[in-house]
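Throughout, a chain's letter reflects where its sequence line sits, starting with A, and its residues are numbered from 1.
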There are 2 protein chains.
Amino acid sequence: MAAKARVSRPSMADVGKRANVSAQTVSRYFTGVGYVGAETRERIAAAIEELGYVPNQSARTLRTSRTNSVGVLAIGAFNYGSASVLTGLGLAAREADVTLTIAQLDLDFEAKGWEPEARRALSHFKSVQVDGVVVSTPLPGVDRLLQDWDQSTPLITVSELPSSDEGTAGTHSYAAGHEATLHLIGLGHREILHVAGPVTRNEALERERGYRAAMEGAGLSPHVLHAATDWSSVSGFQAGELADPATFTAVFASNDEIALGFLSAMERRGVRAPGDFSIVGVDDMPAAAYFSPPLTTMRLDFRALGMATFKMLHHQIVTGERGQHYVVEPELVLRESTAPPART
Amino acid sequence: MAAKARVSRPSMADVGKRANVSAQTVSRYFTGVGYVGAETRERIAAAIEELGYVPNQSARTLRTSRTNSVGVLAIGAFNYGSASVLTGLGLAAREADVTLTIAQLDLDFEAKGWEPEARRALSHFKSVQVDGVVVSTPLPGVDRLLQDWDQSTPLITVSELPSSDEGTAGTHSYAAGHEATLHLIGLGHREILHVAGPVTRNEALERERGYRAAMEGAGLSPHVLHAATDWSSVSGFQAGELADPATFTAVFASNDEIALGFLSAMERRGVRAPGDFSIVGVDDMPAAAYFSPPLTTMRLDFRALGMATFKMLHHQIVTGERGQHYVVEPELVLRESTAPPART
DNA sequence: TAACTTACGTCAACCGGTTGACCAATTATT
DNA sequence: AATAATTGGTCAACCGGTTGACGTAAGTTA
């Protein structure tokens, strides 16, 4: 035992001393450059174990400017979709031995203007030198942020309808709106109401576009209710209170939660699905199968989106290649909330 | 312009050169120690802006061993509860200018044994020198992890029924189970089934304990159905398929999603709440108010839990004091899924 | 026997800040 | 007029790894 009291954590030199090798050999042990004998390797491993040595990531980063971490820019609250994307990101990151550093926007970012805050977050990511960045804020105008982004660190946005090839991923919300509406049209409905999601979200806008295209394609006039300020069932309920059941035989709701709220408001008036009207949502959250009635919906695999997004980013980090993109295609899940119309 | 091409980011020295001050004065500008005149301060700020200078966090950490980040150990998937806790943590962290670094356990951590993985995550946190750690994995046995945790960096567990005073936070699930059951008893129910949550979660165990205590306190015999492998409505539905409606007049479900699945299974048999049976859940997830019928439930404010947890941890980080704890008390939210029994 | 390969050791520079010691000039206060 | 307080510069050590250059031995292969 050395007389010197050690307050700080053990360093490479301490490990080397314990294993009767030089600190540089310990470095070789970790980095893999140069030769380290099998027996020496074991002695080093033992010394690490005994001392409880953990390498200092800051020192490593300072020298190598790599951190094995990626930054995630997210909106304030995690609902089903964003939480699932985060889950997917995290799972894929775990597999690649990368950790996520998350920066959240303020809850009322819409009012305050989220741009300065987003810039601060990105600047923070530069400060900690993340190896890559995921921008998971599907807000109209995120593109502006990325223009003055340093091209040298990979960045990928998980947004709507990745039009460009440049490292984007997202759900195909336009298709979701389109197919959902076609399903209702196919059942014979002609008066189809769209309960839109929050106008401040790209997904909501795309789903509405898809709906409108399907309606116009069939020669039907679109009827959109913009009552939602968020993705919650509260918004759906409020929309349901505003809607007149006499004016539609089917509803396309921008997501499952809104559909749930709408169903609830209708039931209060004695109007029920699928007898009195049909309704289809988007997301297929786990609970949707147990709504009353079980909800027909466009499934979107958010977790797979998160995993694929991370994998693309990671690929870009290690190889330097970019230009991929990934789109989650929606899938119609038929359940009991849709049926042919009772009246035409 | 210097002839030397600069590939790397600007450093403090570059800022100093631009502002006609020394690099040390720039350091004073950031750290606040020593004097920097108002006019000089402006020149430095301008130079930072012009160069797009961002301090190198690794260099800072290497010297100061502070990171302005806290680690969060979370389970694999984010459902309503854990996502809300994370939201709260993130919002409070944002306010304190701290970022979260998250480490997720594998999805099937239950099968594989989560301890080694959790240890790896904690070791990673040591490696990056987080200022504090939040252990948000309400698994039986987390205590074992903490025994060999280095006391010098603050750690707080968000778990069940924080018995000790030593920096813990959590929901009072026992009380939730107890009060929910008392509510049903108070309505006149005597045959009350408990649909338990996953036995691998502390909350589920505590809610069951609370239920049992209330039943036994009223001289009633508890009847517990252990069908859930997770917190999902699928589990609730499966439990509902196993349950015999003739054996109970009321149900206490371990959370809202399970209650939803159970309701759905019952409805398939033509058994409805609140006419045929009463049911109460736990969580009060936003959708619960729009279930059919709207669900009576024990509200738990997970976001507040997350925010309080972070604030406690942060207080501990800056002051060094510990010994606080925070408990989220459940609150009974009366809706339409409970009523006095039709039969006794 | 020469030429590699393997397995280390020893310096030393470097990453980019922080911190302390020390000095010098102005301005403000007693 | 003497003593502070304020402002800012210089030099150098330090945090804990990584990386390169160079040297030395042993064992292997041509």
Side-chain angles (χ1 to χ4, degrees), chain A residues 4 6-45 47-48 51-69 123-124 126-129 131 152, chain B residues 4 6-45 47-48 51-69 123-124 126-129 131 152:
Chain A
K4 191 170 151 199
R6 177 157 285 288
V7 279
S8 67
R9 288 162 32 189
S11 72
M12 267 195 172
D14 298 319
V15 175
K17 220 169 284 174
R18 191 101 161 88
N20 281 320
V21 295
S22 68
Q24 282 68 14
T25 303
V26 182
S27 179
R28 289 188 184 112
Y29 170 87
F30 277 110
T31 60
V33 310
Y35 305 102
V36 180
E39 192 244 1
T40 310
R41 193 170 288 276
E42 279 177 32
R43 282 214 314 282
I44 292 175
I48 289 170
L51 292 173
Y53 169 76
V54 176
N56 184 317
Q57 181 63 45
S58 306
R60 231 172 228 183
T61 300
L62 185 55
R63 186 63 225 253
T64 64
S65 52
R66 268 173 285 108
T67 53
N68 287 327
S69 74
S123 153
H124 172 81
K126 272 171 102 167
S127 179
V128 298
Q129 291 174 284
D131 296 335
S152 63
Chain B
K4 191 172 155 197
R6 178 157 286 286
V7 279
S8 66
R9 288 162 31 189
S11 71
M12 266 195 174
D14 298 319
V15 175
K17 220 169 285 173
R18 194 100 161 87
N20 281 319
V21 294
S22 68
Q24 282 69 13
T25 302
V26 181
S27 178
R28 289 189 185 109
Y29 171 87
F30 278 110
T31 60
V33 309
Y35 306 101
V36 180
E39 192 244 1
T40 311
R41 192 171 289 276
E42 278 176 33
R43 282 215 313 282
I44 293 176
I48 289 171
L51 292 172
Y53 169 75
V54 175
N56 183 317
Q57 181 64 45
S58 305
R60 231 173 227 184
T61 299
L62 186 55
R63 186 63 225 250
T64 64
S65 49
R66 267 172 287 108
T67 53
N68 287 328
S69 74
S123 151
H124 172 81
K126 273 171 100 167
S127 179
V128 298
Q129 291 174 283
D131 296 335
S152 64

Nearest-Å distance, [atom1] ([X]) to [atom2] ([N])?
X      : N      : atom1 : atom2 : value
B/N56  : D/dC15 : CG    : P     : 18 Å
A/R43  : C/dC8  : CZ    : C1'   : 10 Å
A/Q129 : C/dC15 : CD    : C1'   : 9 Å
B/D14  : C/dG17 : CG    : C1'   : 13 Å
A/L62  : C/dC14 : CG    : C1'   : 8 Å
B/I48  : C/dG17 : CD1   : C1'   : 13 Å
B/R9   : C/dG17 : CZ    : P     : 8 Å
B/Y35  : C/dT27 : OH    : C1'   : 13 Å

Candidate pair A/R18 and A/Y53, rule side-chain contact (heavy atoms from CB on, under 4.5 Å), full reasoning: CA-CA 11 Å; A/R18 191 101 161 88; A/Y53 169 76; over 6 Å; no
Partner residues of A/T67 under the side chain to side chain donor-acceptor pair (under 3.5 Å) criterion, sequence neighbours left out: A/S69, A/D131
Touch class at under 4.0 angstrom, heavy-atom based, for B/T25 against every strand present: sugar-phosphate
Under 3.5 Å: donor-acceptor pair, side chain of A/T40, backbone of A/V36: no
Below 4.0 Å: OP1/OP2 of C/dC8 and any side-chain N or O of A/T40: yes
Any A/Y29 side-chain N or O less than 4.0 Å from OP1/OP2 of D/dG17: no
Listed once per pair and sorted, the salt bridge (Lys or Arg N to Asp or Glu O under 4.0 Å) pairs that draw on residues 52-69 of chain A, sequence neighbours left out: none
Approximate separation, where rounding is to 0.5 Å, of B/L62 CG and A/T61 OG1: 10.0 Å
For B/R43, salt bridge (charged side-chain N to carboxylate O under 4.0 Å, His left out) partners two or more places apart: B/E39
Least distance between heavy atoms, B/Q129 atom then B/S65 atom: NE2-CB, 3.4 Å
Nearest heavy atoms of B/V54 and A/S123, plus distance in Å: CG1-O, 3.5 Å
Below 3.5 Å between N/O atoms, which protein atoms pair up with nucleotides 18-25 of chain C? Just atom names and distances, please.
{"unit_1": "C/dT18", "atom_1": "OP1", "unit_2": "B/R60", "atom_2": "NE", "d": "2.8"}
{"unit_1": "C/dT18", "atom_1": "OP2", "unit_2": "B/S27", "atom_2": "OG", "d": "3.1"}
{"unit_1": "C/dT18", "atom_1": "O2", "unit_2": "B/R63", "atom_2": "NH1", "d": "2.4"}

Nucleotides 23-30 of chain D: protein proximity per nucleotide (B base, S sugar-phosphate only, - neither; heavy atom, under 4.0 Å): --------
With a cut-off of 3.5 Å and sequence neighbours excluded, list every side-chain donor-acceptor pair involving residues 19-29 of chain A.
{"unit_1": "A/S22", "atom_1": "OG", "unit_2": "A/T25", "atom_2": "N", "d": "3.3"}
{"unit_1": "A/S22", "atom_1": "OG", "unit_2": "A/T25", "atom_2": "OG1", "d": "3.1"}

Side chain of A/S11 - closest among C/dG16, C/dC8, D/dG17: D/dG17
